[in-house]
Q: 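Here it is: the structure, laid out below.
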Amino acid sequence: MSDTNGQVVAGGNGQGNRLDQLDRPTDVLIDKDTDSLIICDRENRRVVQWSRRSGTTQEEILIDNIACRGLAMDDQRYLYISDNDKHEVRRYQIGDKNGTIVAGGNGKGDGLNQLNWPAYIFVDQQQTVYVSDNSNHRVMKWNKGAKEGIVVAGGQGKGNALTQLSRPQGLFVDTLGIIYVADSNNDRVMRWPKGAKQGTVIVGGNGKGAGANQFKTPIGLSFDRHGNLYIVDGGFLGNDRVQRFSIE
C-alpha cells in the first residue's frame, strides 16, 4: 500500500515572511549531513534551511536579499545559487553569506561571460556548473575557475528547431556529460549529447496539452537510481502534476 498523503516538512503556515513561512518557493535540496532541507524561498528573497528532525518547525536564513531561483550542492557541500537580479551563480560555503561568483556576474547579456535570467543549476563532481540561461534560450557550462562559459545546448535564438530552446528550466547532466533539459515553452524535454550541435526530443513536443505525451510548461526534472525520469509539469497555468517516464 503506497502512502499518497504528503506530509508538510517546511512552511504550511500560509504565505508570508515569518520564520515559519515560505512565499512561492522554487527549488529545494536535501542536505544529508545535517538532515535538513535547503529551500529557495523566492518571494521572500532568501535561502533558508529547515531541519527535518522532528520537533523543529522553524527555519534558519542562510542567505538573504537574493533573487534566487535554483539551487545545487556539490560533493564538498558547497551551495550554488542562481540570482535572477544579478544574472549570476554564486558558490557558498554553508554559513558564508558572500560567496564567490562561478558563472555570469558581468551584467545581463548574451556574451559568453554573461547570463540573462539564470534559472536552474546542475553541478558535477568536478565542480563544473551547468546553468539553464533562461532568457538567452541556452544551457551554459562553466568549468571550475572559468571566466566565461561554453554554450552546450541551444544558443541559436528562441525557437522550436532541434538546435533551439525556448525558456529552458530544469536540468540534469549524467556521468557521460549528456544534458537533459526541460525546454519549457516548447513543452518538451530534450537530450543533448556532449558536444552536440542539436538535441533530440525524448518526451513531449506534441503541442501544449494534458495528454500522457504532452506538457504545459514543464519546469523541473530529476532521475531516480533506476533511470526513471520525473518531470514537474507545473509552470504558470501548467498541468499541476509530476509525470514519470522510463527512458531507454
Q: Do Y80 and D74 have a side chain donor and acceptor closer than 3.5 Å?
A: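 Yes, side-chain donor-acceptor contact under 3.5 Å.
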Q: Considering non-hydrogen atoms only, spot the tightest contact between Y120 and G70 and give its length.
A: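 So the minimum-distance heavy-atom pair works out to CD2-CA, 4.1 Å.
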Q: Say whether, by atom type as modelled, one donor and one acceptor occur between the side chain of E59 and the main chain of W50 under 3.5 angstrom.
A: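 Not at all, since once roles are kept as given, no pair shorter than 3.5 Å links the two residues.
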Q: Verify, without hydrogens or angle tests, whether D124 (side chain) and Q127 (backbone) share a donor-acceptor contact under 3.5 angstrom.
A: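 Side chain of D124 to backbone of Q127: a pair is present.
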Q: Would you indicate whether the side-chain heavy atoms of I38 and I94 approach each other to under 4.5 Å?
A: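 Counting from C-beta outward, I94 and I38 do come under 4.5 Å.
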Q: Which residues satisfy the side-chain contact (heavy atoms from CB on, under 4.5 Å) test with D224, sequence neighbours excluded?
A: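 Listed in chain order: H226, N228, Y230.
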Q: Decide salt bridge (charged side-chain N to carboxylate O under 4.0 Å, His left out) for E43 and R45; before the verdict, give the C-alpha distance in whole Å, the side-chain angles of both, and the deciding distance to 0.1 Å.
A: CA-CA 5 Å; E43 293 303 313; R45 296 180 59 84; over 6 Å; no
Q: Measure the CD-CG distance between E148 and N143 for me, rounded to the nearest 0.5 Å.
A: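 Going from the CD atom of E148 to the CG atom of N143 covers 11.0 Å.
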Q: Does atom CD of Q76 have more than 12 heavy-atom neighbours from other groups under 6.0 Å away?
A: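 Enclosed: over 12 neighbouring heavy atoms sit under 6.0 Å from CD of Q76.
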Q: Hey, any chance I178 and V151 share a hydrophobic cluster, counting ILVMFWY side chains that come within less than 4.5 Å of each other, even indirectly?
A: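 In one cluster with I178: V151, no.
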Q: Taking N116 for the side chain and D110 for the main chain, is one N or O donor matched with an acceptor at less than 3.5 Å?
A: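 Absent.
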Q: Between atom CD1 of I101 and atom CZ of R91, what is the distance when rounded to the nearest 0.5 Å?
A: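 So the CD1 of I101 and the CZ of R91 are separated by 11.5 Å.
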Q: Any side-chain heavy-atom pair from I30 and R52 closer than 4.5 angstrom?
A: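 Result yes, sub-4.5 Å side-chain heavy-atom pair found.
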Q: According to a 4.5 Å side-chain heavy-atom criterion applied to Ile, Leu, Val, Met, Phe, Trp and Tyr, with indirect links allowed, do M140 and I121 form part of one hydrophobic cluster?
A: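 Same hydrophobic cluster.
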Q: Could you tell me if R191 sits above the aromatic ring of Y180, with its cationic atom closer than 6.0 Å to the ring centre and no more than 45 degrees from the axis?
A: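 No, a cation-pi geometry is absent between R191 and Y180.
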Q: Does T26 use its side chain to pair, donor to acceptor, with the backbone of R42 at less than 3.5 Å?
A: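 Not at all, since once roles are kept as given, no pair shorter than 3.5 Å links the two residues.
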Q: Does any non-hydrogen side-chain atom of R167 lie less than 4.5 Å from one of N186?
A: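 Counting from C-beta outward, N186 and R167 never come under 4.5 Å.
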Q: Would you say the side chain of T200 lies within less than 4.5 Å of the side chain of L162, judging by non-hydrogen atoms?
A: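 Of all side-chain heavy-atom pairs linking T200 with L162, none is under 4.5 Å.
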Q: Could you tell me whether a side-chain N or O of Q164 sits under 3.5 Å from a main-chain N or O of Q156, the two making a donor and an acceptor?
A: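 Yes: the side chain of Q164 pairs with the backbone of Q156.
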Q: Does a side-chain heavy-atom distance below 4.5 Å link N160 with R188?
A: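 They are in contact (side-chain heavy atoms under 4.5 Å apart), so the answer is yes.
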Q: Please report the shortest heavy-atom distance between D133 and P168, naming the atom on each side.
A: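 Shortest heavy-atom contact: O-CG, 4.3 Å.
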Q: Step by step, would you call M73 with D31 a side-chain contact (heavy atoms from CB on, under 4.5 Å)?
A: CA-CA 8 Å; M73 188 179 267; D31 180 6; 4.1 Å; yes
Q: What are the two closest non-hydrogen atoms of S36 and S51, and how far apart are they?
A: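 Here S36 and S51 meet closest at CB-CA, 3.9 Å.
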Q: Do other residues, nucleotides or ligands put more than 12 heavy atoms under 6.0 Å from the NZ atom of K86?
A: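 Count not over threshold, so no.
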Q: Is the shortest side-chain heavy-atom distance between K97 and Y92 below 4.5 Å?
A: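 Result no, sub-4.5 Å side-chain heavy-atom pair not found.
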Q: Would you confirm whether S82, through its side chain, and A119, through its main-chain N or O, come within 3.5 Å as a donor-acceptor pair?
A: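 The answer is yes, because a donor-acceptor pair under 3.5 Å joins these two groups.
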Q: Would you call D83-R90 a salt bridge at under 4.0 Å N-O?
A: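 No, D83 and R90 are not salt-bridged.
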Q: Under 3.5 Å, side chain of D85 to main-chain N/O of I66, donor-acceptor pair present?
A: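 It does not hold such a pair.
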Q: Is K216 paired with D233 through a side-chain N to carboxylate O contact shorter than 4.0 Å?
A: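 Answer for the salt bridge query: no.
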Q: After noting the C-alpha distance and the side-chain angles of V48 and L62, does the key distance pass the side-chain contact (heavy atoms from CB on, under 4.5 Å) rule?
A: CA-CA 5 Å; V48 295; L62 294 178; over 6 Å; no
Q: Going by the side chain to side chain contact (heavy atoms under 4.5 Å, CB included) test, name the single residue among D187, N239, V232, V181 that passes it with P218.
A: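 Testing each of D187, N239, V232, V181 against P218, the sole residue satisfying side chain to side chain contact (heavy atoms under 4.5 Å, CB included) is D187.
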Q: Taking side chain as C-beta onward, heavy atoms only, is Q49 less than 4.5 Å from L37?
A: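 No, too far: nothing below the 4.5 Å cut-off.
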Q: Would L171 and I179 count as a side-chain contact (heavy atoms from CB on, under 4.5 Å) if you check the C-alpha gap in whole Å, the side-chain angles of each, and the deciding distance to 0.1 Å?
A: CA-CA 7 Å; L171 200 55; I179 296 159; 3.9 Å; yes
Q: Quick check: closest heavy atoms across D41 and Q21, and the distance to 0.1 Å?
A: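 The answer is OD2-O, 3.9 Å.
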Q: Where the side chain of H87 meets the backbone of W117, is there a donor-acceptor pair that is under 3.5 Å apart?
A: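 Yes, because the side chain of H87 sits within donor-acceptor range (under 3.5 Å) of the backbone of W117.
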Q: What is the minimum heavy-atom distance between R241 and A210, and which atoms define it?
A: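 For R241 versus A210, the nearest heavy atoms are NH1-O, 2.9 Å.
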Q: Compare every heavy atom of N44 with every heavy atom of L22, then report the nearest pair and how far apart it is.
A: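 Scanning both residues completely, I find the closest heavy atoms to be C-ND2, 3.9 Å.
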Q: Group every Ile, Leu, Val, Met, Phe, Trp and Tyr by side-chain heavy-atom contacts under 4.5 Å, then state whether L165 and L115 land in the same group.
A: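 No; L115 is not reachable from L165 via cluster members.
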Q: Which is it for V189 and I231 under the side-chain contact (heavy atoms from CB on, under 4.5 Å) test, yes or no, and what are the steps along the way?
A: CA-CA 9 Å; V189 173; I231 310 289; 3.5 Å; yes
Q: Is the side chain of Q243 donor-acceptor paired with the backbone N or O of A212 at a distance under 3.5 Å, no angle test?
A: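 Checking the backbone N and O of A212 against the side chain of Q243, a donor-acceptor pair under 3.5 Å is found.
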Q: Run the side-chain hydrogen bond (donor to acceptor under 3.5 Å, both in side chains) test against N213 and tell me which residues pass, sequence neighbours left out.
A: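 By the side-chain hydrogen bond (donor to acceptor under 3.5 Å, both in side chains) rule, N213 matches no residue at all.
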Q: Within a strict 4.5 Å, meaning less than it, do heavy atoms of the V123 and T128 side chains meet?
A: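 Answer no - side chains too far apart.
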Q: Do the side-chain N and O atoms of Q15 and D23 include a donor-acceptor pair separated by under 3.5 angstrom?
A: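 Their side chains do contain a donor-acceptor pair, which is all the 3.5 Å distance test asks for.
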